[in-house]
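To keep things clear, I will list the structure first and then write my remarks on it.
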Amino acid sequence: MYSEKVMDHFTNPRNVGEVEHANGLGEVGNVVCGDIMRISLLVEDNIIKDVKFRTFGCAAAIATSSMVTEMVKGKTIQEALEISNKAVAEALDGLPPVKMHCSNLAADALHKAIKDYLKTA
Amino acid sequence: MYSEKVMDHFTNPRNVGEVEHANGLGEVGNVVCGDIMRISLLVEDNIIKDVKFRTFGCAAAIATSSMVTEMVKGKTIQEALEISNKAVAEALDGLPPVKMHCSNLAADALHKAIKDYLKTA
Amino acid sequence: MRKVYLDHSATTPVRREVAKIVSEYMLDRFGNPSSIHSYGQEAKTALEKARSQVADLINADAAEIIFTSGGTEADNLAIMGVAQANATKGNHIITSAIEHHAVLDTCKELEKEGFEVTFLPVDEDGLVSLEDVKKAIKQETILITIMHANNEVGTIEPIEEIGKLAREHGIIFHTDAVQSLGKVPIDVKEMNIDLLTGSGHKIYGPKGTGFLYVRKGIKLKPRAFGGEQERKRRPGTENLPGIVGLGLAAELAGKEMEEERVNQASLRDKLIKGLRESIPHVRLNGHPHQRIPSNVNVSFAYVEGESLLLSLDACGIAASSGSACTSGTLDPSHVLLAMGLTHEMAHGSVRMTLGKDTTEEDIQYVLDNFPAIVERLRMMSPLYYQRQKESV
Amino acid sequence: MRKVYLDHSATTPVRREVAKIVSEYMLDRFGNPSSIHSYGQEAKTALEKARSQVADLINADAAEIIFTSGGTEADNLAIMGVAQANATKGNHIITSAIEHHAVLDTCKELEKEGFEVTFLPVDEDGLVSLEDVKKAIKQETILITIMHANNEVGTIEPIEEIGKLAREHGIIFHTDAVQSLGKVPIDVKEMNIDLLTGSGHKIYGPKGTGFLYVRKGIKLKPRAFGGEQERKRRPGTENLPGIVGLGLAAELAGKEMEEERVNQASLRDKLIKGLRESIPHVRLNGHPHQRIPSNVNVSFAYVEGESLLLSLDACGIAASSGSACTSGTLDPSHVLLAMGLTHEMAHGSVRMTLGKDTTEEDIQYVLDNFPAIVERLRMMSPLYYQRQKESV
Ligand SMILES: Cc1ncc(COP(=O)(O)O)c(C=O)c1O
Ligand SMILES: Cc1ncc(COP(=O)(O)O)c(C=O)c1O
């Protein structure tokens, strides 16, 4: 069902937790549909210095969250904003079709966290 | 499907052929429904001295024809007229339900032969 | 790694004795029961023997058993067949909100055809109330279809009483007994059952086999056309190896039922107790004791079912979940929601269904591994994090 | 006593390789393809492999194959499914008078529902004429269903041309290929086939398996409700061991087709020739050469089919007949009557269908025993007696 990369990120998720002294926070999803993703960031000089996630959801939700944190660490916020849910799925060698629309929201959570940072910065 | 007795009478039918100098002949059935039975008799002093059959039809048709000839040989014509299709089937330890109404006509052929004898006698 | 299969309500392995006889009928005794030669007659005899074996398990007469390709087909045949054959008498059907989709979706299809369907609610244990059934009955009611045991939570419905009620009102009563067959005693005569669905692959029989019991005299419109088989009510060359296997599986299930009932219930209770003791925030779903002996259904707050399943699978443990994520839909189990669970708890449900080969060691293995899995996922969960923060 | 099974059109033994894999999937790889754990995923993979194996045999895409419980179910699904999904476009269906009952009776059921059905006649060889099809087409025609090879007489219909005609008129074309599958090449793309029925137990696969090919884009209303399997077009837990067996049987049938075609056709011709030479008053039924390689259908004047079959069976030879007496109805084979045979000749028909294990010795054994059997029955026959008398 899932690619090896998805299973890897599900089994060994990177960057789980909360960034200390985070200056950006994003949460998407809700308990009705079964996926909630929360991403916290520390941005310094326009660069994402640190990023962590917590996710309630299926393997796809956890893997995309983990993957997105890997993809953006050290990137500028402009670069991070260009990352789409689709790009995250591709980085994981794809997701099953049913998962594409319902559990693939990690980029949205990231963007929300960045916007949160931009609003308060 | 068939009782052992049916298979016995089908495999080793008794009294196949035509009675020489027959004085009674009966034929029932038609080619459309797939069963034709022909019985010839020699009646002397009210007794069925000899009886033979020819049958075009399924195993049940052949077995009932064979059985009916056995049942009436040496009997009076009154006794023979009392033999029903049902009695023939019972003497064969029964027939499959579908065969009861379509291939179980040997007694009819016999009765027709007797009536033919009575008419000409 | 140890392999622990705890998904016997999804499907069971075929038992050796059954697989052996299926093979024999595939290879050597392969005749078509409709043929009049010796191969065919041998097949016909075997077919009728299997019919008796199945009938005996539920105290029916052999002539009242129609073989089908499974439980889904039998449910469809029962409901559509009765509705269409009795449409002149009325157009109202009563069922429950927690039926299997084979019943629910068939009822919904009948709604499109102009039938009216009442979907009865259930209480928090998953029980249909007799009062609700009584209130739902009206002049136009032609069919009541309520399952015997629920496939997700294992709750056993009061079908004997519902059957009695139906009989008193002259209404036909069907029950989907796919999950109870061979696990708890069934007597169609005592229980006032007019039609009953069973499935082979849930009782260590072959997949692709099932049956519908139809009480003598009940009118049923066939769903398929084209052959004399099963008295024209289910045409098509019979799946004889499968049917012979189903017959044997039914016979053996009957013989072993009492022993299995005791064994599995004891392992089940050990599993429930162990999970409750070692993991906080667990809820047992389904009726506390009016449930089939094989079913454990628990919800873990703050975590999602598919993640749990995949983590269990990584430990060699096979289970299932009422999470929406396991079915590709957005809503979690209609059964758990009908029982009043929150979406979160419904998403976090895990069903473990025991079988005749489940051992004490299997259960211990599950109990040894489960807490860490839940803990790991909870550490990742924003819901759990929030709760921890709030309770500080 | 030698046993010679010549009823392969009724059913075939499951081949060893297939029985072996079926057993494996019953005992060890028993998962439910809907489950997300490893047992389930393994099952899902096997299911999709079988789908490709079946698709390859007829040059379809895997996604175009719906697994069913047999040919009868597939025929019902095709005809009812297309009719009901396209009822707004028209209500006219064209079929032939010699279809299998799974097609004929389904069409007759649709007549009751308000559809109009044209049953095309056939010529004395059992062929449908392209002209007749053309003439029958009208504005309201939504479906043409004509079988590929006839199950009784083996005649192969001109379905490629019929398919072309249907395509030109924008009419959906279904063919029942139960008797041709694996025996003669089928290419659904080249042959303009929109839907095609196949059955497992006719190609050395398991009973209780079959499939419907549905070309991408063809609308089909399901016949059963209640699960996501087969993209909701055929719900119910998949008969995975059976399906895996069907897949392998299809693959092997494809590989061996050419060789079997030559072998069986040569044995068939030997049998026909031998019977003709040793028994007077014999008629070959079906097309002299446009017929499947396995089919011999002959009528013996003056004798009835069931008697012949039972006499053959007593010699260890298994065959079938179009006699009414073998089916419990009063009319003999609708196929033979449609071809213009008299009732007598129809009653006196015997079908012998060869298989991949049929040997030269088997055929010789039949030829050695057949004349005496016919002779014995003719001596008992009043029709033969009359003829002898008349010809004196
Ligand atoms: C309660 C219930 N009804 C019906 C079915 C369907 O049976 P089958 O899988 O044999 O089609 C199932 C099995 O999934 C079930 O659990
Ligand atoms: C031409 C034809 N169509 C349909 C069927 C029905 O197939 P099944 O026996 O798999 O239901 C048969 C077999 O009897 C057949 O010969």
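Sequence lines set the chain letters: A, B, ... in the order given, protein chains first and strands last, and positions in each chain run from 1.
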Check your understanding: Between C:S69 and D:R234, is any side-chain donor less than 3.5 angstrom from a side-chain acceptor?
Key -> yes
Practice item. With a 4.5 angstrom heavy-atom cut-off, could you sort out which part of D:A319 is near chain C: side chain, backbone, both or neither? Key: backbone
Practice item. Side chain from CB out, backbone as N, CA, C, O: work out which of these in D:Y5 comes under 4.5 Å of a heavy atom of chain C, or both, or neither. Key: both
Revision key, fill the gap. Bottom line for C:E238: the part with an atom under 4.5 Å from chain D's heavy atoms is backbone
Review point. Atom CD in D:E228, atom CG in C:D105: separation rounded to 0.5 Å?
Key: 8.5 Å
Review point. Counting N and O atoms only, with roles assigned by atom type, does the side chain of C:N76 sit under 3.5 Å from a partner on the main chain of D:F225, one being a donor and the other an acceptor?
Key: yes
Review point. Taking it one step at a time, do C:L310 and D:I36 satisfy side-chain contact (heavy atoms from CB on, under 4.5 Å)?
Key: CA-CA 8 Å; C:L310 287 175; D:I36 70 162; 4.2 Å; yes
Review point. Where on C:D313 is there a heavy atom nearer than 4.5 Å to chain D: the side chain, the backbone, both, or neither?
Key: side chain
Point to revise | chain D contact via C:D28 - which portion, at a heavy-atom distance below 4.5 Å | key: side chain
**Study point:** Carboxylate-amine/guanidinium contact D:E109 C:K221, below 4.0 Å
**Key:** yes
Practice item. Check the pair C:K20, D:S23 against side-chain contact (heavy atoms from CB on, under 4.5 Å), reporting the backbone distance first and the verdict last. Key: CA-CA 8 Å; C:K20 190 157 164 273; D:S23 271; over 6 Å; no
Review point. Measuring from C:M26:CE to D:R15:CZ, what's the distance to the nearest 0.5 Å?
Key: 13.5 Å
Review point. If you look at every heavy atom in D:T72 and C:T237, which pair is closest and at what distance?
Key: OG1-N, 4.5 Å
**Study point:** Region of D:P235 that comes under 4.5 Å of a non-hydrogen atom in chain C
**Key:** both
Exercise for review: Against chain D, work out which of C:E73, C:H100, C:H201 has the most heavy-atom pairs shorter than 4.5 Å and name it.
Suggested key: C:H201
Practice item. Mark yes or no for whether C:K207, through its side chain, and D:F30, through its backbone, hold a donor-acceptor pair below 3.5 Å. Key: yes
Review point. What distance separates D:N239 CG from C:N239 CG, expressed to the nearest 0.5 Å?
Key: 6.5 Å
Check your understanding: Partners of C:S321 by side chain to side chain contact (heavy atoms under 4.5 Å, CB included), sequence neighbours excluded?
Key -> C:L309, C:S323, C:T326, C:S349
Point to revise | Straight-line distance of D:I317 CD1 to C:H37 NE2, nearest 0.5 Å | key: 12.0 Å
Exercise for review: Examine whether an atom of D:T12 lies under 4.5 Å from a heavy atom of chain C, and if so say whether it belongs to the side chain, the backbone or both; otherwise answer neither.
Suggested key: backbone
Review point. With a 4.5 angstrom heavy-atom cut-off, which part of D:D7 approaches chain C: side chain, backbone, both or neither?
Key: side chain
Practice item. Could you look at D:S320 and say if it's the side chain, the backbone, both or neither that has a heavy atom under 4.5 Å from chain C? Key: neither
Review point. Taking every heavy-atom pair that is under 4.5 Å apart, which of D:Q229, D:R223, D:H101, D:K3 has the most such pairs with chain C?
Key: D:R223
